[in-house]
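Within every chain, numbering begins at 1; the chains are lettered A, B, ... in the order of the sequence lines, protein sequences first and strands thereafter.
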Amino acid sequence: VSGLIGIDATLGAARPRVVGALLRYFRDLDRAEEAFQEACLRALQHWPRHGPPRDPAAWLIFVGRNVALDAVRRAQKQEALPADAALSDLDDAEAALAERLDDGHYRDDLLRLLFICCPPELPATQQIALALRIVSGLSVKEIARAFLVSEAAMEQCITRAKSRIARSDLPFEAPGPVERAERLAAVAAMIYLLFNEGYGASGGDAHLRLPLCEEAIRLARLLLRLFPAEPEIMGLVALLLFQHARAAARLDAEGAIVLLEHQDRSLWNREMIAEGHALLEKALRHRRPGPHQLQAAIAGVHAHAARAEDTDWAEIERHYAVLERLQPSPVVTLNRAVAVAKLRGPAAALALIEPLAVPLAGYFHFFGIRGALLMQLGRAEEARVAFDRAIALARTPAEAAHIRGHLDRLAAEAQAAQK
Amino acid sequence: MLYAILCYDDETVVEGWSKEQDDAVIAKRRRVQEKLAAQGRLGPVVRLMPTTAATTLRSGPEPLVLDGPFAETKEQLLGFYIVDCATLDDAIAAARELKADETGGAFEIRPLRLYRPGDGAG
């Protein structure tokens with residue numbers, strides 16, 4: 001096989017499905033991954049000569065399984081006879097080919113593979129790193145780069161997470177409807193975290209992290225393909241597409257944050273926005289609102305506005321109000337306050353966020369927004385205090401630089417007033 | 001005779017292409033399209049959104065609206081070209097040229113029975 005697109009893209013696309021199926025056979029993540037690697041090596045030898053198979057994933061599952069079973073057999077000749085249980089999987093090789101007809105497994109295999117990456121006791125970054133390694137097949141080096149940590153540190157993080165999985169009971173039984181829904185929600189949450197890991201990044205290193213956003217969109221689409229009628233998964237994909245569509249406009253040439261209202265909207269990716277709208281429309285037909293759909297709807301209102309001043313803030317506030325009822329959280333209220341400020345002025349918004357001071361005492365955006373509202377109200381001294389606090393809480397140089405810009409403006413205004 | 005050249009491929013593979021790879025395929029195909037257009041043989045060119053954006057209406061006593069493409073297939077219809085060709089051989093040649101240097105997927109070449117370009121879209 002030669003040409004523009006190598007075998008790599010095919011192997012990469014097949015990976016989640018193949019590793020998922022091999023995991024079901026071997027019930028051992030390391031063995032499943034090794035078998036996949038081995039099958040890929042065979043593919044690289046075989047496909048260029050004979051052309052790629054009609055169903056590359058089925059081919060890889062079949063070969064991966066046989067290669068691994070061969071290894072087991074060879075090892076067993078040198079060791080004591082294995083227990084029957086270990087051999088019970090060694091049934092007719094034909095059965096593996098029948099795999100491709102059996103798409104019922106496929107969905108649960110893939111969901112399981114995604115699900116084992118997100119046990120609730122693992123911290124978010126470990127869940128994400130694990131999914132990138134196991135499901136997406138990114139190298140440790142690539143993941144380390146995206147997380148801006150050393151390769152050794154990332155290797156250790158992934159090894160630790162994997163051994164944790166190996167010690168726990170993997171969920172191999174076919175899930176019931178309730179369990180399936182729970183797994184789906186956990187996986188969707190993990191994908192959203194993955195996206196935010198890339199999206200929240202800013203400053204000089206931001207370009208390194210865009211691949212995280214792209215990978216999150218790929219995984220979200222994969223999930224939607226498995227569950228094509230789930231409105232919340234449609235909402236998730238739409239949300240990620242709307243957000244990612246703005247990537248090129250979010251930072252200026254110096255790497256400084258450009259706020260939504262100041263972004264050059266001609267840089268927004270119209271294809272992604274159109275797809276987001278298409279998915280959101282489909283989702284809304286189900287009349288089963290959920291957090292992802294509402295957040296997507298909000299992002300969609302922004303995407304729809306040709307200019308910042310055309311933004312339908314009333315629509316945005318309505319969506320946030322529903323979201324607040326569905327999933328009460330101080331962060332949601334804070335976001336609603338931004339819409340309220342646009343609709344009814346800074347004083348109303350300030351009153352709305354006053355009760356959030358305690359729950360959001362460590363939240364950068366709370367103080368950024370509070371400072372901006374106070375500044376609009378001409379309460380410069382209080383604004384300065386809020387901005388100082390925001391700078392102390394900033395996670396990236398770009399965030400800090402943005403707030404410093406406000407402080408400079410306040411200082412300039414104070415000086416002008418003195419003259 | 002007008003022919004449709006229907007492009008099928010595994011959309012998960014196509015989604016896995018990097019932007020550079022995607023751009024390279026588009027640019028390569030565009031050169032062929034420009035040639036066909038210069039000969040006055042190129043009709044509409046369409047690239048479809050992923051099948052996850054699709055909705056299917058299945059007829060029945062109570063027509064069903066379903067999410068997703070109408071069929072679960074390994075390769076999906078991702079787009080098509082309409083090309084004016086004197087013979088099937090010409091159509092195959094055009095398809096071959098469009099598909100040159102690509103490894104995956106398939107083009108289905110299918111003569112058109114009716115063609116009404118309309119003027120409501122685009």
Participant: Does A/E271 have more than 12 heavy atoms from other residues, nucleotides or ligands lying within 6.0 Å of its CD?
Facilitator: no

Participant: Above 12 or not: heavy atoms from other molecules or residues under 6.0 Å from CZ of A/R270?
Facilitator: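 For A/R270, atom CZ is crowded (more than 12 foreign heavy atoms under 6.0 Å).
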
Participant: Counting C-beta onward and ignoring hydrogens, is there a side-chain heavy-atom pair between A/R54 and B/E75 closer than 4.5 Å?
Facilitator: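 The answer is yes; the side chains approach within 4.5 Å.
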
Participant: B/K74 side chain to A/P56 main-chain N or O, any donor-acceptor pair under 3.5 Å?
Facilitator: no

Participant: Is A/A57 in contact with chain B via its backbone, its side chain, both, or neither, using a 4.5 Å heavy-atom distance?
Facilitator: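 It is neither, since no heavy atom gets under 4.5 Å.
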
Participant: Go through the atoms of A/L279 and report whether side chain, backbone, both or neither lie under 4.5 Å from a heavy atom of chain B.
Facilitator: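 Contact with chain B involves the side chain of A/L279 alone.
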
Participant: Kindly compute the distance separating CG (A/L223) from OG1 (B/T52), expressed to the nearest 0.5 Å.
Facilitator: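 Nearest 0.5 Å value for the CG-OG1 distance: 11.5 Å.
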
Participant: Please tell me if the side chains of B/T12 and A/R218 come closer than 4.5 Å, counting only heavy atoms from C-beta onward.
Facilitator: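 No. Closest side-chain heavy atoms not under 4.5 Å.
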
Participant: Using a cut-off of 6.0 Å, state whether more than 12 heavy atoms not belonging to A/Q37 lie near its atom CD.
Facilitator: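 Enclosed.
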
Participant: Ion pair present between A/R225 and B/E11, side-chain N to carboxylate O less than 4.0 angstrom?
Facilitator: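 Yes, A/R225 and B/E11 are salt-bridged.
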
Participant: Answer with side chain, backbone, both or neither: which region of A/A278 has an atom nearer than 4.5 Å to a non-hydrogen atom of chain B?
Facilitator: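 For A/A278, the contact with chain B is made by the side chain alone.
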
Participant: Identify which part of B/A54 has an atom lying under 4.5 Å from any heavy atom of chain A, answering side chain, backbone, both or neither.
Facilitator: backbone

Participant: Which pair of non-hydrogen atoms, one from B/G68 and one from A/K282, has the smallest distance, and what is that distance?
Facilitator: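 Closest heavy-atom pair between B/G68 and A/K282: N-NZ, 3.6 Å.
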
Participant: Output, in order, the C-alpha distance, side-chain angles, deciding distance and verdict of side chain to side chain contact (heavy atoms under 4.5 Å, CB included) for B/D67 and A/M234.
Facilitator: CA-CA 10 Å; B/D67 292 299; A/M234 295 174 204; 3.4 Å; yes

Participant: So does B/F70 have more than 12 non-hydrogen atoms from other groups sitting under 6.0 Å from CZ?
Facilitator: no

